[in-house]
Protein chains: 2
Amino acid sequence: MRIGLKEVAAEAGVSRSTASRALSGSPLISAETRAAVEQAAARLNYQPNRLAGALRSKQSHLVGLVLNNLINASFHTIAEVVQRRAADEGYQVMLGITDADPAREKEFLRTLAAHGVDGLIVIGTGKNGATTNALLAEGTGVVNVIRRPADSAAPSVLAADREGAHAATSHLLDLGHERIGFIGGELTADSGRERFAGYEQALRERGLAVDESLVERGPFAPGFGTEAITRLLRRAPRMTALFAANHEAVFGILPTLASTGVSVPGDLSLVCHEDISWLRYWSPAITVVDNGAAELGELAMNLLLQQMKHGDGGRDGAQEARNGRAYRVGAQLVIRDSTAPPATRRDG
Amino acid sequence: MRIGLKEVAAEAGVSRSTASRALSGSPLISAETRAAVEQAAARLNYQPNRLAGALRSKQSHLVGLVLNNLINASFHTIAEVVQRRAADEGYQVMLGITDADPAREKEFLRTLAAHGVDGLIVIGTGKNGATTNALLAEGTGVVNVIRRPADSAAPSVLAADREGAHAATSHLLDLGHERIGFIGGELTADSGRERFAGYEQALRERGLAVDESLVERGPFAPGFGTEAITRLLRRAPRMTALFAANHEAVFGILPTLASTGVSVPGDLSLVCHEDISWLRYWSPAITVVDNGAAELGELAMNLLLQQMKHGDGGRDGAQEARNGRAYRVGAQLVIRDSTAPPATRRDG
DNA sequence: TGGATCTTTGGGATCGATCCCATTATGCAC
DNA sequence: GTGCATAATGGGATCGATCCCAAAGATCCA
């Protein structure tokens, strides 16, 4: 038979209420009683049933994490950080993978709510603001990450895509490059648009205009990277630098450059957006814009913990914590060996 | 106020018992009553409290997934597969990341059990056989993946490391290579030992002995790959092929080969163990041994579902499903463009 | 020593579902 | 019409913890 609180209470010679108080750290109990109960619990190897506790106390110590996939490096990095931080604070993480399908995402949000999660971290499609707002109103904590539904009443933790792209482009401009290629995502994607905006802005600040013949946009896939860089090399032989703003495309761009004998940074300086661990081991080590995935996860979890702690306490605090404010985690340019001044050409 | 079963019952004009039966698909209820209750539930947007249901019925519809990290491609692939399959079967996944620390792993196993998970998938350290056996005895489903504790009473789903390594090496031998390098993990790691054994066996079958000057073993880290391949190239200039059996090291090996001008497969044929999605986009596309991460996850989840379904039913079935049998998921050699016959040398 | 206050404890209700048992309706055969 | 099996329903107990209220015991001061 499984050991319950009742058995512990009997073993310690006290009532269930007292045993409960002893183990939950209530102050209204004597030190000896607490010790006795703790010893009894240890003797019987008591393992509290969290389900029962959650049902009565309305605190499940469960956090839901909803995201598109676990393949993308930023996503699984965030998942790891969130999980660690949650575990350290006594929360467990329930996982939902949506494939970026809003319907599936909605389904997960409701199911996780049915399981009584105290809070939700949504790295989502941005299409379920209404659902998360409803959960928020019922007292569930919510934090949006990376993408922010237009109508969300929950706080959002966003990457500084525009600033990062601006920094990357400015770095290349500082080195003396003027013909800088751009391979990014479609303008329909938030990150695609923001990063292009940062690129454009940096150029404009130096009095340069975007040359569309240096720009490639396409899906988040390695295959696109291969095609894009091939086209760019043919179309724009005088390009001296490239800003790769499409995470997945990088997987196609790098090998193609290596195999076609383009020397980096000799022939082409290269900056990639989003840090992927092994880019540092590339030869040459790749200069990147680190979007701070770990920090995004960290901050999101902090905001969620804040909400959940205020949850049963004062309404003002909860109100405070539950505003729809957006937070930005700054991007960081990590300069490695793939960027250098352009080769001075006699024929230029 | 939150809508409970009581409210639905009132709305439909029936008792709570009847409402419960209608919504849980019990056969002892009339079609009209069922329809009426379902409509009432829909009208009120009823969302059942899974906590309460789980407490009473001892079925939480929760599955625990314990793994070392989410960075490793095999791990996050398995995590994705398990999550999808679980969701399709009406289960939610609770995540535990252990950093390969047995103590942390044990902690997670107990915590997840306290949350009442119906089953556990453990991609673990192999050090907590006793704990999982205890949970198994209490009626929780357990499946080990990739690593199998020596004393585990639960079924295990293992990768065919030895066979995969054998296939990779044989492929190179078939092409005519004789001086085949090996970069792998330490022999203290199960996968390191098994893969080396497969390599050795393939050589022996052709009457060749292992030449230790062609072998490098080290930690699972990109940096090690860089060092290892650099040493090998210097030490064994006549090596014509390489089997890279250390997943993480591949991240160091590939760029180093590219930057030092070693032509693949012209100068060196290359096979990597474990499929990493972007290896297909490398130039040349890399021949790999696919360890079948997705299939590992799939099979593990099937075995777990089997246990959980038998869970409350016949003891015989449960007994059957809960043997400590080991299952192997075959490795698959995926031949791409990085392997070719050795160049015939005038000076050989 | 009595009474007021504070500390500590026990008993019962409760969270929201499911399960078991008793009860009522229904159908069918004789 | 009676008897009996079957189908459908309702009421209360239950899962295992926490919460609330009342009561018992300890403390202290007048």
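The structure displayed is predicted, hence computed values, not measured ones. Reckoned from all heavy atoms, side chains included, excluding hydrogens, waters and symmetry mates. Per chain, numbering begins at 1; letters A, B, ... match sequence-line order.
Within a heavy-atom distance below 4.0 Å of DNA chain D, the residues of residues 13-36 of chain A found are Arg16(A), Ser17(A), Ser20(A), Arg21(A). The stretch residues 40-52 of chain B does not touch DNA chain D, since none of its heavy atoms comes less than 4.0 Å from the strand.
Using modelled atom types and a 3.5 Å distance limit, the side chains of Ser74(B) and Thr77(B) yield no donor-acceptor pair.
Remark: Ser15(B) engages Ser17(B), Thr18(B) in a side-chain contact (heavy atoms from CB on, under 4.5 Å) (not counting sequence neighbours). For Glu295(A), there are no salt bridge (Lys or Arg N to Asp or Glu O under 4.0 Å) partners at least two apart in sequence or on another chain. Looking at residues two or more places apart in sequence or on another chain, you find a ring-ring contact (aromatic ring centres under 6.0 Å, His included) between Tyr91(A) and His61(A). Take Arg56(B) and apply the side-chain contact (heavy atoms from CB on, under 4.5 Å) test, not counting sequence neighbours, and it matches no residue. Judged as a side-chain contact (heavy atoms from CB on, under 4.5 Å), and not counting sequence neighbours, the contacts of Ala54(A) are Ser60(A), Leu51(B). Remark: Arg50(A) engages no residue in a salt bridge (Lys or Arg N to Asp or Glu O under 4.0 Å) (not counting sequence neighbours). Applying the salt bridge (Lys or Arg N to Asp or Glu O under 4.0 Å) rule to Glu138(B) yields the partners Arg2(A); only residues at least two apart in sequence or on another chain are considered. With sequence neighbours excluded, the residues satisfying salt bridge (Lys or Arg N to Asp or Glu O under 4.0 Å) with Arg85(B) are Glu89(B), Glu298(B).
Comparing the helix axis at one end of the helix from dT1(C)-dA30(D) to dC30(C)-dG1(D) with that at the other, each defined from 5 consecutive pairs, gives an inter-axis angle of 50° (nearest 10°).
Side-chain contact between Leu299(B) and Val329(B) is present, with at least one heavy-atom pair separated by less than 4.5 Å. Counting heavy atoms from C-beta on, the side chains of Phe75(A) and Leu70(A) never come closer than 4.5 Å.
Checked for salt-bridge contact, Asp118(A) and Lys58(A) miss the test: no charged N lies under 4.0 Å from a carboxylate O.
Along DNA chain D, read 5' to 3', the first and last nucleotides having any atom under 4.0 Å from a heavy atom of chain A are dG16(D) to dC20(D).
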